[in-house]
Amino acid sequence: MDQTHNLGIQQVTMFSQALTVRADSIARHFETVFLFTKNDIRTTLIPVTIFALSVAPKYDPTHAWNAPLWIWFHLLQFNIANQIQDPEEDRKNKPSRPIPAGRISVDSAADMRWVMVPVCLLLSFWYGTQAMLASTVFAALTIWYNELHGDRMGLSKNALTAILGGCLEVGATVAAGPRNSCIDKAGALAVALSSIVFATTLHAQDFKDEEGDRLTGRHTLPTIFPKAARFSMMFGLPLWSYALSCIWKIDALSTTAFVLYGAFVGIRFVMYNTVGADKQSCKFYSVSQNIAWSTPSEADSGLIPAVVRARSSASRLLAFLLWCLSIWS
């Protein structure tokens, strides 16, 4: 009787230990997947989500979570494709990424990279035709950017990244509404404007990596035209801030604040050019980008339905929280 009881206790203990080990292993896999996209949470996931919730023509609060979900799956597809290209560079510059950290092999990451293509397409199929189209274009441009090395030239990198960002905006905006919803004319205009702004100011994110890009031979605007690239930020950000305010007919007080913040960020890039300063300036740029993406919800224009304008307070709150995050991190 005692032997049977002890055997039962041992079996329960062994099962509990095995379950704990398996749970730890599963948690580690989830963490590895998350780490592929960790650096894009603030710079892409949050701003594009704000954009999608601001301009979705058939916004439904119960569907809001679909926007960040759609964005995150596509960011994962892109980031894995990007991070398997040159793991040696990441070992020097970004050792915390999953591959250089030894959490996953290049071959396993490559398998995962191609699995994500049909996964994203199937996810998009659920949301409708426009989401499927955005996902298809995104997958094609991801190949162009990474496998075909479209990121090696500054101009093509900016253009490709801007179009990729536009795909994220379209897909997320559609996902934020009811199934099979479509982006409207105002949303299409917002996507076009944000893509153009992004294409002409994206090199703000390249200043902090300028030294590493020179060593690896990657041609970005800061490596090709270091001074001109910095001055383009000083003039470009406030000018775009003013232009967007005029297009969306923002009130005078908000326009002034928007332009002043753009000028502040642009001047920082010119006055402070150390790696640490460029990293902080890039965080401020992410906030200005987020504000630009939330301006449609602030608009007092016939282009924007009243239900969309009603979300402006939420957009401002999220923008403020993102600003706090950039200050404290």
Side-chain angles (χ1 to χ4, degrees), residues 14-49 65 67-124 135 138-139 141-152 157 160-161 164-165 168 172 205-206 208-209 211-213 215-218 275-276 278-279 282-283 286 322 325-326 328-329:
M14 291 175 62
F15 175 76
S16 177
Q17 291 174 343
L19 190 63
T20 300
V21 170
R22 182 55 56 192
D24 290 342
S25 177
I26 293 173
R28 178 178 172 82
H29 289 318
F30 275 114
E31 184 181 7
T32 297
V33 171
F34 169 74
L35 288 174
F36 275 112
T37 60
K38 179 182 177 181
N39 291 337
D40 287 325
I41 300 297
R42 177 178 56 220
T43 60
T44 305
L45 180 64
I46 295 176
V48 178
T49 298
W65 62 272
L69 177 71
W70 194 93
I71 297 166
W72 185 82
F73 268 89
H74 287 78
L75 280 177
L76 182 61
Q77 177 191 157
F78 179 87
N79 285 354
I80 296 176
N82 182 258
Q83 293 176 32
I84 62 176
Q85 298 305 312
D86 195 350
E88 290 301 322
E89 179 186 350
D90 281 347
R91 284 190 178 90
K92 298 176 183 177
N93 300 326
K94 299 173 182 177
S96 62
R97 284 181 168 180
I99 295 175
R103 302 180 69 97
I104 187 172
S105 68
V106 175
D107 289 340
S108 295
D111 292 340
M112 188 177 173
R113 178 260 183 277
W114 292 110
V115 167
M116 287 306 302
V117 176
V119 168
C120 289
L121 289 173
L122 286 173
L123 175 67
S124 301
S135 184
F138 187 92
L141 293 181
T142 296
I143 294 174
W144 185 356
Y145 187 99
N146 294 296
E147 280 78 12
L148 300 181
H149 306 296
D151 65 326
R152 294 289 174 176
K157 177 184 178 182
L160 284 172
T161 306
L164 284 163
L168 290 178
Q205 300 178 1
D206 293 327
K208 65 183 186 301
D209 300 321
E211 184 177 349
D213 289 339
L215 292 175
T216 58
R218 182 178 288 112
V275 174
D278 284 335
K279 287 181 178 180
C282 187
K283 293 177 182 178
S286 295
L322 190 60
L325 183 62
S326 73
W328 292 333
S329 60

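Basis for what follows: all heavy atoms, side chains included, without hydrogens, waters or symmetry-related copies. The model shown is predicted, which means the values in this text are computed figures rather than measured ones.
- Residues Q85 and N146 share a closest heavy-atom pair of OE1-O, 3.5 Å.
- Remark: T161 OG1 to Q205 CD distance equals 8.0 Å, nearest 0.5 Å.
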Determine, step by step, whether L160 and L141 satisfy the side-chain contact (heavy atoms from CB on, under 4.5 Å) criterion, reporting the C-alpha distance in whole Å, the side-chain angles of both residues, the deciding distance to 0.1 Å, and the verdict. CA-CA 7 Å; L160 284 172; L141 293 181; 3.8 Å; yes
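- Nearest heavy atom pair, residue A81 against residue I84, reads O-CG1, 3.3 Å.
- Scanning all heavy atoms of the two residues, the minimum distance from T142 to R113 falls at CG2-NH2, 3.7 Å.
- To the nearest 0.5 angstrom, K157 atom NZ is 12.0 Å from L164 atom CG.
- Atom CG of L168 sits about 9.5 Å away from atom CG of D40, to the nearest 0.5 Å.
- Separating the NZ atom in K283 from the NZ atom in K208 is a distance of 10.5 Å, to the nearest 0.5 Å.
- If you take OG1 on T32 and CE on M112, they are separated by 8.5 Å, rounding to the nearest 0.5 Å.
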List the atom pairs, donor and acceptor, that lie under 3.5 Å between side-chain atoms in residues 69-78 and the rest of the protein, sequence neighbours left out.
from : atom 1 : to   : atom 2 : distance (Å)
W70  : NE1    : S124 : OG     : 2.9
W72  : NE1    : T37  : OG1    : 2.8
H74  : ND1    : W70  : O      : 2.8
H74  : NE2    : S135 : OG     : 2.8

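- When all heavy atoms are compared, the tightest approach of S96 to A101 is O-CB, 4.2 Å.
- Heavy atoms only, all atoms of each residue included: P98 and L35 are closest at CG-CB, 3.7 Å.
- Minimum interatomic distance between P87 and V106 (heavy atoms only, all atoms of both residues): CG-CG2, 4.0 Å.
- A distance of 8.5 Å separates CZ of F36 from CG of N79, quoted to the nearest 0.5 Å.
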